[in-house]
S.K.: 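Dropping a structure here in structure tokens format, bear with me for questions.
If you're wondering where the values come from, they're calculated on a predicted model, not measured in any experiment. One-based numbering, in listed order, for ligands and for the atoms of each.
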Amino acid sequence: MGITEAQKKQLDEQGCIVIPDVLSDEEIEVYRADILRLAEEEKQNGLARQHTDGYGQLVRWLVNKGEMYEQLVARPKVMPYFEHLLGPDYTLSTLTSNIIDPGAPDGGYHVDSVLGSMPEPLPSFPLVANSLWLLDDFTPENGGTRHVPGIHLQRIKPPPGTTHHPDEVRLSAPKGSVFLFNGAIWHSAGANRTDQQRIALICFCCRSFVKPMFDFVHHIKPEVVERATPTMRRIYGFDSQPQPPDRPTR
Ligand SMILES: O=C(O)CCC(=O)C(=O)O
């Protein structure tokens with residue numbers, strides 16, 4: 001297990017890579033059923049985070065929604081890719097799932113938080129990296145993630161409302177694989193022209209000095225903190241809080 005020199009080069013130059021065979025068929029089945037259950041529950045409770053005109057739904061805060069999601073984040077097969085992009089002390093920014101329903105149109109191009117609120121030119125090195133853990137085969141027809149390989153090297157953001165790029169690629173990759181990318185790659189979910197939902201788990205990470213989107217340190221459940229290994233504590237951001245805890249002096 002690890003990352004080869006060729007894979008590092010691909011991440012540096014293309015900004016994205018498919019890591020095959022990360023999840024087993026059994027795991028895919030369990031995760032997929034649970035995400036659909038949670039999505040339905042959140043709709044019933046009025047807590048659903050829908051997007052793309054109601055054709056997409058995010059299920060958020062997965063670290064608090066079952067031990068099986070905790071195990072996901074520290075997979076030895078995937079960590080070396082994050083380490084290459086973000087350094088050995090990277091932290092989690094969000095852990096969610098994105099469901100794209102039949103009929104969904106193309107989403108809008110974006111770069112990931114915090115890059116969207118930074119001025120251009122964007123930093124010359126990766127600040128954030130995203131990973132989609134495919135619970136379905138992704139195809140250009142069913143919402144396979146659209147992305148523009150190599151565009152991170154231009155250090156620019158998509159102008160608001162950008163929906164297409166001449167060099168865009170629609171992701172084709174088998175379920176169980178992980179599509180991992182520099183958050184400076186322009187990307188968005190694609191249109192789903194099939195009659196089946198397309199689902200991915202999304203593990204989004206950042207450098208340790210970047211403010212994560214979710215405040216795990218203050219909002220993960222006590223039992224999750226209790227179970228956390230030193231590596232998991234670091235990933236949740238406990239090690240990158242202002243150190244040491246101090247009081248203001250006069
Ligand atoms: O679900 C997808 O295909 C894309 C997700 C995405 O755009 C994101 O996580 O920023």
S.K.: When the side chains of residues 99-121 are checked against the rest of the protein, which donor-acceptor pairs come out under 3.5 Å, sequence neighbours left out?
M.R.:
unit_1 : atom_1 : unit_2 : atom_2 : d
D101   : OD1    : Q197   : NE2    : 2.9
D106   : OD1    : R170   : NH1    : 2.9
D106   : OD1    : A191   : N      : 2.8
D106   : OD2    : R170   : NH2    : 3.0
Y109   : OH     : E168   : OE1    : 2.7
H110   : ND1    : G108   : O      : 3.2
H110   : ND1    : H187   : O      : 3.1
H110   : NE2    : H187   : NE2    : 3.1
D112   : OD1    : H187   : NE2    : 3.2
D112   : OD2    : N130   : ND2    : 3.0
D112   : OD2    : H187   : NE2    : 3.3
S117   : OG     : V114   : O      : 3.1
E120   : OE2    : K157   : N      : 2.6

S.K.: Any pair with a residue in residues 154-179 that passes ring-ring contact (aromatic ring centres under 6.0 Å, His included), sequence neighbours left out, goes on the list, sorted by first then second residue, please.
M.R.: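 Of all non-adjacent pairs touching residues 154-179, those that pass ring-ring contact (aromatic ring centres under 6.0 Å, His included) are H147-F179, H165-W186, F179-F181.
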S.K.: Before accepting this row, confirm whether a basic side-chain N of the pair K65/E70 lies closer than 4.0 Å to the acidic partner's carboxylate O.
M.R.: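 Answer for the salt bridge query: no.
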S.K.: Tell me, do V178 and R75 make a side-chain contact under 4.5 Å, heavy atoms counted?
M.R.: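 Side chain of V178 against side chain of R75, heavy atoms only: no contact under 4.5 Å found.
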S.K.: Restricting to pairs with a member in residues 27-56, which pass ring-ring contact (aromatic ring centres under 6.0 Å, His included), not counting sequence neighbours?
M.R.: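 Residue pairs passing ring-ring contact (aromatic ring centres under 6.0 Å, His included), neighbours aside: Y31-Y69.
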S.K.: Considering only heavy atoms, which protein residues lie less than 4.0 Å from any atom of ligand 1?
M.R.: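 Contacts of ligand 1 under 4.0 Å: N98, H110, D112, N130, L132, T145, H187, A189, R198, I202.
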S.K.: Please examine the side chains of W61 and L95, heavy atoms only from C-beta on, and report whether any two atoms are closer than 4.5 Å.
M.R.: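 Result no, sub-4.5 Å side-chain heavy-atom pair not found.
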